[in-house]
Each structure stands twice: as C-alpha cells, then as structure tokens.
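Right, one structure below, let's go through it.
Just so you know, ligand 1 is whichever comes first in the structure, and atom 1 is the first atom listed for that ligand. For this chain, numbers begin at 1 and follow the sequence in order. Here the structure is a predicted model, which is why all the values come from computation and not from measurement. Only this structure's heavy atoms are used, side chains among them; waters, hydrogens and symmetry mates stay out.
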Amino acid sequence: MRLKTIDVSSATAKEIQGYLHDAIAPRPICFASTVDKNGAVNLSPFSFFNVASVNPPICVFSVTTRARDNSTKHTLENVLDIPECVINMVHYDMVQQTYLTSADYPKDVNEFAKTGFTELASETVKPPRVAESHIQLECAVNDVISLGKNGGAGNLIIAEVKRMHINADILDANGRIDPHQMDPVARLGGDWYCRVNKANLFKIAKPTDYTGMGIGVDAFPKDVKYSNVLTGNNLGLLALVNTLPTEAEVEAFSKTDEMKELLDVPLDNRSTRLHLKAKDMLENGRVMDAWKVLLINGLIH
Ligand SMILES: Cc1cc2nc3c(=O)[nH]c(=O)nc-3n(C[C@H](O)[C@H](O)[C@H](O)COP(=O)(O)O)c2cc1C
C-alpha cells in the first residue's frame with residue numbers, strides 16, 4: 001500500500017475539510033429542529049454527529065461557522081438562546097427534502113414550510129419534531145463547546161435525550177429497531193451519500209464460546225498466521241475463539257467423511273488445500289471446524 005501523508009500545518013482549510021469529510025464516513029445525519037427566542041422554528045442537517053453517552057443518554061453534533069466568512073449558523077444561535085433541540089433521524093425516503101434545508105435560508109424562514117415536512121409538537125421541549133422521521137429524540141442542550149475561532153471551527157452541541165419517539169412499524173419482534181425497516185442514510189465526502197439496506201447489511205456473529213476476549217492472532221500457529229490463503233477477515237474470525245480444539249478433537253475430525261475425502265486424495269500441496277477448506281468453512285460460519293482443519297497440519301508434521 002502506498003500512503004499519501006498530509007501535514008495539516010501546511011494544508012489549506014479546504015483541503016483538510018475535503019479529506020476529513022471523505023475519510024470519516026459514512027456519518028449518520030442529525031436533522032435538528034431548534035427554535036429562536038421568538039419561537040421561530042429552524043430545521044437543518046448535521047453529519048458531524050454521533051451518540052456519546054448512554055447514561056446519561058447524550059448525543060453530540062457539531063455546527064461549524066461558515067468557512068467562507070466565519071458567520072454563525074442559525075442552529076447554533078438558536079441553541080445558545082433556547083438550549084433545546086429535536087434530533088430527527090433521516091431515512092432514504094426523506095433525504096432529498098432534508099437536503100433542501102441545508103440551503104442558507106434567511107432566519108425567518110421555517111424550513112418545515114420550505115420542505116413540506118410536517119411539524120409535530122414535542123412533549124418536553126419547544127422545537128417541534130419532524131413527523132415523517134422514524135426516530136425523533138427530544139433533547140435538552142447541556143453545553144455548547146466552541147472548538148476554535150476561525151471560519152469552519154466547530155461548536156460541539158451536547159444534547160441530552162429526554163424523550164424518544166420511534167415509529168413502531170420499524171421495530172422487530174423483539175422490540176429492537178430493524179435496520180432494514182429503518183432504511184437510514186448517511187453522508188460521505190463531496191456529494192456522496194449511502195443507504196443502509198439489505199444489499200449491504202451484514203452481521204458479525206459472536207462465537208458460541210465468546211467471553212469478550214478471543215485468543216488473538218499472536219496465539220496462532222505460524223502457518224496459519226502467515227497463510228497465503230486466509231484473508232484478514234478470516235484471521236479475525238479465527239482469533240475470536242477462546243480456546244483451540246484439543247488434539248483429540250482434531251484427530252477425531254480428521255477421520256470424518258468430510259475430511260477423509262480431502263486427506264485420502266494424494267495432494268501436492270496439502271497445506272494449501274486444508275487452508276482453502278478452512279476458508280470455505282469460515283465463510284459458512286463453521287469457525288471451530290475451520291480450526292480443526294487448520295490444526296490437522298500439526299498432526300501430520
Ligand atoms: C447532509 C448534510 C450534513 C451536514 N452536516 C453539517 C455539519 O455536521 N455541520 C455543519 O456545520 N454543517 C453541516 N451541513 C451544512 C448545514 O446543514 C448548512 O450550513 C445549513 O444551512 C445550516 O442551517 P442553519 O443556518 O439554519 O443552522 C450539512 C449539510 C448537509 C446537506
């Protein structure tokens with residue numbers, strides 16, 4: 001891999017912004033509604049956003065000053081005046097209307113009206129919710145931390161969630177949010193966005209014996225650690241187990257029909273074949289069997 005290294009002290013703010021937007025991606029989108037002192041409503045998207053604490057439940061998002069003239073955005077002015085907001089999560093069907101609100105509308109313009117979104121009164125805070133959003137988090141703003149003085153400097157908004165509203169139709173049988181139903185979108189750099197759906201969702205399943213600390217790659221036999229066949233993801237799966245199978249288990253497994261077939265055939269390169277077999281098993285969720293196959297080499301040598 002060739003690395004391009006950027007010394008931020010000699011890069012322009014625009015270059016740094018470009019790299020950070022591209023690199024720290026995808027980012028979830030906080031669609032924040034706020035109100036000013038007179039109760040005028042504002043709605044804007046922010047992708048410098050995440051959950052920062054669960055007890056207390058706190059989300060953070062950052063409103064930068066405008067890079068071109070260091071001017072302040074309405075959302076920041078509003079939370080400094082009325083320290084409340086609603087974080088509405090954005091899903092695919094609402095992304096174009098959401099985008100519309102990132103335009104620099106004058107302060108007296110209510111972006112609900114501009115976009116056609118529906119205002120829904122909140123229960124604990126003044127800013128209204130976006131009725132179309134699957135997830136609406138009513139928040140008190142505990143703090144606003146200024147991260148710098150120049151154009152583009154962030155203002156970190158610490159938003160404590162007071163009440164959550166979740167569309168019951170996106171919940172699964174266990175009452176958890178089903179990511180397929182949620183259909184969230186996220187922001188990358190430039191004009192890029194992504195949609196989280198069936199085509200790109202996958203699970204990382206914990207092995208049955210997992211206690212939160214796998215053996216790690218450093219505990220592998222050398223031929224496994226430096227395998228030409230196994231990928232980094234294969235090694236990661238193998239490293240999650242707590243213990244390796246015993247010699248007796250490996251021996252017994254080598255006598256199963258599945259393995260006999262593989263071992264009985266005269267092989268030019270037994271080790272590669274075994275690694276390929278293990279890789280196939282890993283891709284089919286058979287982590288312990290993969291280990292038994294990989295350890296057969298040790299029995300043979
Ligand atoms: C998807 C998306 C994400 C954005 N994320 C941010 C962000 O994290 N921080 C920021 O300051 N501006 C962000 N912007 C730009 C603001 O939404 C834009 O400046 C907006 O006009 C601010 O509105 P306001 O002045 O009404 O607060 C984003 C724009 C879009 C479309």
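For D69, the CG atom is densely surrounded, since the number of other residues' heavy atoms within 6.0 Å is greater than 12.
Near R66, meaning under 4.0 Å from any of its heavy atoms, are these atoms of ligand 1: 25 (O). For ligand 1 and R187, the ligand atoms under 4.0 Å from any heavy atom of the residue are 1 (C), 2 (C), 3 (C), 4 (C), 28 (C), 29 (C), 30 (C). Short contacts between ligand 1 and H74, defined as distances under 4.0 Å to a heavy atom of the residue, involve ligand atoms 24 (P), 25 (O), 26 (O), 27 (O). Per-residue contacts place D104 under 4.0 angstrom from the following atoms of ligand 1 (heavy atoms of the residue considered): 21 (O). Each of the following atoms of ligand 1 lies closer than 4.0 Å to a heavy atom of Y99: 31 (C). Contact atoms of ligand 1 toward V63: 11 (O) (distance under 4.0 Å to a heavy atom of the residue). The ligand atoms of ligand 1 that sit less than 4.0 angstrom from a heavy atom of T75 are 24 (P), 27 (O).
Put simply, no part of E77 is less than 4.0 Å from ligand 1, judged by heavy atoms. Ligand 1 is approached by A103 to a heavy-atom distance shorter than 4.0 Å. The shortest heavy-atom distance from Y193 to ligand 1 is under 4.0 Å.
Of the listed residues (P106, S44, P45, S71), the one carrying the non-hydrogen atom nearest atom 17 (O) of ligand 1 is P45.
When all heavy atoms of E249 and P245 are compared, the pair lying nearest together is OE1-CA, 3.1 Å. Heavy-atom minimum distance, G189 versus D22: CA-OD1, 3.1 Å.
Remark: T272 pairs with N269 by the side-chain hydrogen bond (donor to acceptor under 3.5 Å, both in side chains) rule, at least two apart or across chains. Every residue two or more places apart in sequence or in another chain was checked for a side-chain hydrogen bond (donor to acceptor under 3.5 Å, both in side chains) with T256, and none qualifies.
Ligand 1 has a nitrogen or oxygen under 3.5 angstrom from a nitrogen or oxygen of N42.
Using a 3.5 Å distance cut-off with no hydrogens or angles, the side chains of S133 and N88 do not pair a donor with an acceptor. In this structure, a donor-acceptor pair under 3.5 Å is present between the side chains of E119 and N110. Remark: the D183 side chain and the H91 side chain contain no N/O donor-acceptor pair separated by less than 3.5 Å.
A salt bridge links E258 with R286; the closest basic N to acidic carboxylate O contact falls under 4.0 Å.
Summary of contacts: the protein heavy atom closest to atom 9 (N) of ligand 1 is S62 O, 3.0 Å. Considering only non-hydrogen protein atoms, atom 12 (N) of ligand 1 sits nearest to K73 NZ, 2.9 Å. Atom 5 (N) of ligand 1 has as its closest protein heavy atom S47 N, 2.8 Å. What sits closest to atom 21 (O) of ligand 1 on the protein, heavy atoms only, is S102 O, 2.8 Å.
Here the straight-line distance linking atom CE of M281 with atom CG of L294 works out to 9.5 Å at 0.5 Å rounding.
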